[in-house]
2 protein chains.
Amino acid sequence: MTVERHPTEARRSLGWLLRLPYAQLSERVYGGLAARGFPEIRAAHGAVFRHILPSGSRLTELAEAAGMTKQGMAYLVEGLTGAGYLESRPDPADGRARRIHLTRRGQAVMEALLVQSREAEEEFGRRIGAAKLARLRSLLEELAEELSPVRD
Amino acid sequence: MTVERHPTEARRSLGWLLRLPYAQLSERVYGGLAARGFPEIRAAHGAVFRHILPSGSRLTELAEAAGMTKQGMAYLVEGLTGAGYLESRPDPADGRARRIHLTRRGQAVMEALLVQSREAEEEFGRRIGAAKLARLRSLLEELAEELSPVRD
DNA sequence: CTAGTTTAGTCAGATGATCTGACGAAAGGA
DNA sequence: TCCTTTCGTCAGATCATCTGACTAAACTAG
């Protein structure tokens, strides 16, 4: 009568429990973005969109904020610039630097990202109920607060 | 008196809230593994360790369970085999197939993985309190339950 | 039993997402 | 005016995936 189960199946690790909803969320959000007319945007580009300021940001600032190397960030920015989502102009205050800005199309991505994210969250709410989702979010916020430095 | 903040900072997306603890957990777990004498093990190898059965598994089974292609899984298995964590022998029941097994060293990784994971979870518990962490885990379990198919 | 189909795994090649190291040019400080 | 630090780029490596094409073995209908 006992069914054979995978050894680790009984009690999933916290890592697994975090990763599963994260992966599904990402898939929805970025998949939805493609459907909304932004097919070049991939999850890795979130590192840019999450940190870029309306007034523009420097490459080094973005890299630092995202916790990656300048070269890694440069690779992402290059792709987004080529696809028309970003534009970079020399920084008038520093001859070595460039300021990276969202184009109008890039701003549209930001908005779509917020919409998709909210919709995905609502879908989760439909699964376990809004109250539980709110409780989950609040616990995650509390945990995030304690897990500083908020290197993302 | 108002401090300039990043626009999205006020209310982080659920994705961010899930990713931050996940990333820190992974870093602890796999970083700790290197310190425990398994320096070749990277986070991607979790796809193998999470799914391999004590009686051995086929490549195709592992790929299917992990939700990736056979080729992708083959790449991971190849690395682990070369480093002495896995070994594969022809499947007596099927001339096309091979059964992939953990070596003793591979089993040691499994154990270390459980230990590190538990320790990381306890550390989280120290941050927000055991009761809240338990509540968080339970909500995540509930969510995971609803987010089937449990493709991981 | 043979012919056709499906399955297990490999080979080759591509892309994406990172990293490290070395560098030139500009800025800032003493 | 040096010296040092910072900004960004160039070159190259590695890892983690993917798609497509293929062989050999196994299953399935006649």
Go through it in stages, so that I can follow the logic: the residues are A:Glu142 and B:Lys132, the test is salt bridge (charged side-chain N to carboxylate O under 4.0 Å, His left out), and I'd like the CA-CA distance, side-chain angles, deciding distance and then a yes or no. CA-CA 10 Å; A:Glu142 221 172 314; B:Lys132 281 180 178 171; 2.4 Å; yes
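Using a 4.5 Å heavy-atom cutoff, the side chains of B:Arg99 and B:Arg89 are not in contact. In this structure, the side chains of B:Val48 and B:Ile100 stay at 4.5 Å or more apart for every pair of heavy atoms.
What separates OH of A:Tyr30 from P of C:dG16 is a distance of 16 Å, to the nearest Å.
Within the structure, salt bridge (charged side-chain N to carboxylate O under 4.0 Å, His left out) pairs that include any residue of residues 108-118 of chain B comprise B:Arg118-B:Glu122 (at least two apart or interchain).
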Under a 4.0 Å heavy-atom criterion, the protein footprint on nucleotides 5-18 of chain D, written with B, S and -, is -BBBBB----SBBS
Report all side-chain donor-acceptor pairs from residues 26-38 of chain B shorter than 3.5 Å, counting only partners two or more places apart or in another chain.
from, atom 1, to, atom 2, distance (Å)
B:Ser26, OG, B:Tyr22, O, 3.1
B:Arg36, NE, B:Gln116, OE1, 2.4

